[in-house]
There are 2 protein chains.
Amino acid sequence: MSTAANRRRPATIHDVAREAGVSRGTVSRVLNGGHYVSPTAKAAVDAAIRRTGYVVNRHARSLITGKSDSVAFLLTEPQERFFEDPNFNVLLRACTQALAAQDIPLLLMIAGTEDERRRNLRYIEAGHVDGVLLVSSHSGDPVVTRLHEAGVPVVACGKPLGQTAKIGYVAADDRDGARDMVRHLYETGRRRIATVTGPLDTPGGVERLAGYRETLAEYGLPADEALIVQGDYSRAGGESAAARLLESAPDMDAVFVASDLMAQGVLDTLDRAGRRVPEDIAVGGFDDSPAALSSRPPLTTIRQPWDRISTEMVRTLLARIAGEEPAAVILPTELVRRAST
Amino acid sequence: MSTAANRRRPATIHDVAREAGVSRGTVSRVLNGGHYVSPTAKAAVDAAIRRTGYVVNRHARSLITGKSDSVAFLLTEPQERFFEDPNFNVLLRACTQALAAQDIPLLLMIAGTEDERRRNLRYIEAGHVDGVLLVSSHSGDPVVTRLHEAGVPVVACGKPLGQTAKIGYVAADDRDGARDMVRHLYETGRRRIATVTGPLDTPGGVERLAGYRETLAEYGLPADEALIVQGDYSRAGGESAAARLLESAPDMDAVFVASDLMAQGVLDTLDRAGRRVPEDIAVGGFDDSPAALSSRPPLTTIRQPWDRISTEMVRTLLARIAGEEPAAVILPTELVRRAST
DNA sequence: CATGCATCTGTGAGCGTTCACAGTAGAGAA
DNA sequence: TTCTCTACTGTGAACGCTCACAGATGCATG
């Protein structure tokens, strides 16, 4: 005997109307803001709703309004990279909760493979969601264009690179964060400051490198390409990047690493090479992920305001759905001093 | 000018029917398996669907079928614990993908606060999802009972503790995994084997401890309560647990730690106390999370088959939705040998 | 030739909402 | 009084789909 059998037929707006002694229309008006409803009627409807345990049938509502009152959280990463990224977790959780506060469910979509991409686009383009929170790091993502062309409201996390389409986005001020870190390294006496960049087809990679370059120039330090190596945001990538730096610029006294995870790898390599941190060489990270605290020594890093990024993404998307024009929101970062510098 | 303006009115089943020269009914039958449809008609409909770019309107369908063709992934953790857990990430990702393969969207729901719990239950009980993938670790979770009473198909991750209700679940064989680890420690010559348990109101905590106890008994080792301390699955908890063990059982030569994260903390404490791993003391973890690989030395641990757990959860839930009785699925674990033992 | 059966097709009704519209009542102005 | 305006209420018609049912067709069987 399936337990599902004891599910009662749920109350409809009709039941509520009958119970309250009013018409469907009045109940509907109460449900949608209560304008043009007398206090007496509203009270009767509220009571009837409570008594019947009525919950609006979203399918029926969506059918006529053409809106779904739901939002997709779309991940277009080729691999599982993002799921290992602690930032991503905060982002997903905070977005879910910010949406839940408005009673809007979040549909999680992962478009790793071509097949998944097609399926999800099909779903979204069919109008089954009102908008999309897009997490896509790589440059020229076709999904961005497709969504834009379909006229689906989109807000991206981080500036979408290589897009002609005008897409709203929310991002931390990567460039400014990088500047803060390099300034900090300079002010603590470092003069041969190297950097391990992120992938240069990601906005973070590009911006953080730019901030690094600008700050060196600002201080009149020479722009030495031997001090710059490219990484891939992974720990292993950090290890090999540091090895390359030890080759090309053995006299460096600081490294600004574009992510904490890579910084961990850098620390490993430096440790094996016998360089002491921070005595011989200072290491600065980026993200303030849990890795920053658990590494040895704990990392000086740049905190990204993920909670605010999430709430801003949701706010911006809802505004966009309501008809506002796309906008870019840039949020400030914060230097967190620890033992590695 | 909003770009949303260029969204065309999407094709309906009517348009397809007209285009294919058949009736709505025939199109609908093609859409739902194609039974009782002549090959000619089916071909015409398929072509028409392709030409019009028709995608079924799920709201209209749901309105009449009473099903939503969507599933909730419900997290009832008081804090963000799960979002820091790498296992959870795998679980969420794999569930999303397994569902996507059946074209079923996943709604992510987080019920941390009382308010969120109420909201989400309301949503689910209103029948807006066909079933629930439940991740809830603590004992006697009222959500489990509520869902069961509402007759909503539920599949839990891990055996729900303290439930009289018969709930289907999928879990790794925690007890057997613990047995494997303790056996391994014994076979590599250890005789004073301690353990740091998980919280004892979680199924994992209880089962792993039971496996530990059973195996000691099996080998005729004394059951010494000084060898057992309780942890909380966190790294900090592992640190303090190890400190307590160093007090109560300074002669231990192995520790079976009920999670990799805690094992990292244990390694930290042992390191500070000057105990070498694995020379002086062997450390075994549980989970085979990324932490196991990045710790020093890399952890011998028990791998939980998260991919299979996820696909089994989805499979079981869909079966349950289709009317099958709840069932428990227990999946085998695997010992992964690394340098810590 | 009628009957039965399986296969296929179209039609009308209805799922639970919202929305436009028509209508009522009461207050105030002409 | 009569008219207008505002606040409120009820009603029918959608929204796009599925489902039950009625009919039609072809083929084998009695």
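Here the structure is a predicted model, which is why all the values come from computation and not from measurement.
Of the candidate nucleotides D:dC15, C:dT17, C:dG10, C:dG10 has the atom lying nearest to any side-chain atom of B:V22. Listed nucleotides: D:dT18, D:dG16, D:dC8. Nearest to the side chain of A:S38: D:dC8. Between D:dT9, C:dT17, C:dC15, one nucleotide has an atom nearer to the side chain of A:S23 than all others, and that is D:dT9. Among the nucleotides D:dC17, D:dC8, C:dG16, the one closest to the side chain of A:Y36 is D:dC8. With D:dG16, C:dT11, C:dT17 as the candidates, the nucleotide lying closest to the side chain of B:R24 is C:dT11. Looking at the side chain of A:Y54, the nearest of the listed nucleotides D:dT18, C:dG16, C:dT17 is C:dT17.
Counting only distance, with no hydrogens or angles, the side chain of B:R119 and the backbone of A:A100 share a donor-acceptor pair below 3.5 Å. Of the possible donor and acceptor atoms, none in the side chain of A:E312 sits under 3.5 Å from a partner among the backbone N and O of A:I309.
In terms of phosphate contacts, B:N32 brings a side-chain nitrogen or oxygen within less than 4.0 Å of OP1 or OP2 of D:dT18. The side chain of B:T65 contributes no N or O atom lying less than 4.0 Å from OP1 or OP2 of D:dT18. Between B:T26 and C:dG10 there is a side-chain N or O to OP1 or OP2 distance below 4.0 Å.
With rounding to whole Å, A:H14 atom NE2 is found 11 Å from D:dG10 atom C1'. What separates NE2 of B:H35 from P of C:dT9 is a distance of 14 Å, to the nearest Å. Between the CD1 atom of B:I13 and the C1' atom of C:dG10 there is a distance of 13 Å, rounded to whole Å. One can place CG of A:L31 at 11 Å from P of C:dC19, the figure rounded to the nearest angstrom. In this structure, A:D69 places its CG atom 12 Å from C1' of C:dT18, rounding to the nearest Å. Between the CZ atom of B:R58 and the C1' atom of C:dC15 there is a distance of 18 Å, given to the nearest Å. Separating the CZ atom of A:R18 from the C1' atom of D:dG10 is a distance of 16 Å, rounded to the nearest angstrom. The CZ atom of A:R61 sits 19 Å away from the P atom of C:dC15 (whole-angstrom rounding).
Residue side chain B:R29 reaches the base of C:dG10 through a donor-acceptor N/O pair under 3.5 Å, judged by distance alone.
For the side chain to side chain donor-acceptor pair (under 3.5 Å) test, residues two or more places apart in sequence or in another chain that qualify with B:R117 are B:E114.
For A:R122, the CZ atom is loosely surrounded, since the number of other residues' heavy atoms within 6.0 Å does not exceed 12.
Residues B:I64 and B:P39 each lie close to DNA chain C; by heavy-atom proximity, the contact nearer the 5' end of the strand is made by B:P39. Where A:T40 and B:L63 meet DNA chain D, the nucleotide closest to each residue was compared, and A:T40 sits on the side nearer the 5' end.
If one axis is set at each end of the helix from C:dC1-D:dG30 to C:dA30-D:dT1 from five pairs, those axes are 60° apart, to 10°.
Note on ring orientation: taking the six-membered ring where Trp is involved, the planes of B:H128 and A:H59 are perpendicular (angle over 60°, cut-offs 30° and 60°).
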Derivation and outcome, salt bridge (Lys or Arg N to Asp or Glu O under 4.0 Å), residues B:E125 and B:R146: CA-CA 9 Å; B:E125 288 175 347; B:R146 280 283 294 276; 3.0 Å; yes
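Remark: the B:T52 side chain and the B:D15 side chain contain no N/O donor-acceptor pair separated by less than 3.5 Å.
Interatomic distance, CZ of A:R320 versus CG of A:L318, reported as 12.5 Å (0.5 Å rounding).
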